[in-house]
Amino acid sequence: MNNYARLPVAFARGAGSKLWDTEGREYLDFTSGIAVTNLGHAHPKVTAALQEQAGMLLHTSNLYEIPLQEQVAGKLAELSGLPKAFFCNSGAEANEAAIKLARRYSQLKHGAEKFEILTLHDSFHGRTLATVTATCKPKFQEGFAPLMPGFTYVEKELGKIEAAIGAHTCAILVEPVQGEGGVLPLGAEFLQGLRELCDAKGILLLFDEVQTGIGRTGQMFGFQSAGVLPDIITLAKGLGNGVPVGAMLAKEEVAAAFTPGTHGSTFGGNPLAMAAALAVLTAIEEEELLSHAVQMGEELQGRLQRLIEKYPFIIGVRGQGLLQGLVFDRPVAPLVSKCLDHGLLVLSAGEHTLRLLPPLIVTSAELHLGVTLLEEAIKETSA
Ligand SMILES: *Cc1c(COP(=O)(O)O)cnc(C)c1O
């Protein structure tokens, strides 16, 4: 179906930060498949784990115990401080699970009138009916009415959020750095303020870490740089390095609202997906990719800063770790296709922001090359 505006290129092979198209031409990948291939393409440990698992067992079902799933849940618990996990296959599905768990926990605890979830302006939470309703962007909602009841959009201001919390409110759902909305970090102070507000009002704090999770911001999870612990987080994109895996992590008391039969997924957490997730989490640790991502993020931001000084139509850079946005005073779509001509893959985020998501394994030399290619494309599109 014609629901994607695709660029005219097809890739046949990848390795690390590089891709090769069907004609054999080389590209530098600063999209990571939209924050998915955080370990780069064809990472040897992920490839080996998948090959081994594929020869043993792909799938049984959640009717039976799945030791690999318990292992991944244990690792995620240790890394996040959130002890319980539910597995699914995508970001939207993880957010659906979070919406259902927040409602069910709140309704069991406070009664049926607790169902409303607050979400923020510039948010993105997915394309299913509930998650596209949670997403505050009319363009994504046109033609899909009636949307889901029980969602309210609020401005990114603690006072306004406090005023919006009413008798029906059960939770607030936010991305620590708003990705699709334009690479907009909410900031530690704001996230801490949200935690205090949720505690004071007795509502749940939900972080959508589908894009910010799995090392993207230089921490394993985006919330960790803010020093707050949310009640629920959702993960997907980077968790399987390209194998579809989603997850929801929650505090013990909240997770207890899901009892046998209340929620489920056929594929969620199957042995193949869990082999990928385990290999990803292990490789990030073994290769010390978090500290590397912090370093590379700083270097990238520095290089982008120099572009701002040179070109008056580039007005800012913002982001965290290897999730960086370069803000222009004009639409960036022409620049994205010009970068492709120069052998560099980049993304937009909103109309005016160029989004750069190199893999966590990116090298200093690759950052240098990428920003050089970007500058050539900038010169040509502005000429
Ligand atoms: C990509 C994304 C989603 C949706 O994930 P899918 O796997 O496409 O369903 C949800 N939330 C955020 C923050 C995202 O970046």
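All values reported here derive from a predicted model rather than from experimental measurement. Whatever order the structure lists ligands and atoms in, that order sets their numbers, starting from 1.
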- Task: Indicate yes or no for a side-chain donor-acceptor contact from S123 to the backbone of C136 under 3.5 Å, with no hydrogens or angles considered.
- Result: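 It does hold such a pair.
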
- Presence of salt bridge, E96 and K100, under 4.0 angstrom: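 Salt bridge between K100 and E96, a charged N being under 4.0 Å from a carboxylate O: no.
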
- Any ion pair linking K75 and E285 (charged N to carboxylate O, less than 4.0 Å)?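 Between K75 and E285 there is a salt bridge, with a charged N closer than 4.0 Å to a carboxylate O.
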
- Query: Under a 4.0 Å heavy-atom cut-off, which residues neighbour ligand 1?
  - Reply: S90, G91, A92, N95, F124, H125, G126, E175, D208, V210, Q211, K237

- Item | Hphob cluster co-occupancy, L345 + L356, side-chain heavy atoms under 4.5 angstrom | yes

- Query: Which residues satisfy the side chain to side chain contact (heavy atoms under 4.5 Å, CB included) test with E162, sequence neighbours excluded?
  - Reply: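 Per chain and number, E162 pairs via side chain to side chain contact (heavy atoms under 4.5 Å, CB included) with L197, K201.
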
- Within a reach of under 6.0 Å around CD of E26, are more than 12 heavy atoms found that belong to other residues, nucleotides or ligands?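 Enclosed: over 12 neighbouring heavy atoms sit under 6.0 Å from CD of E26.
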
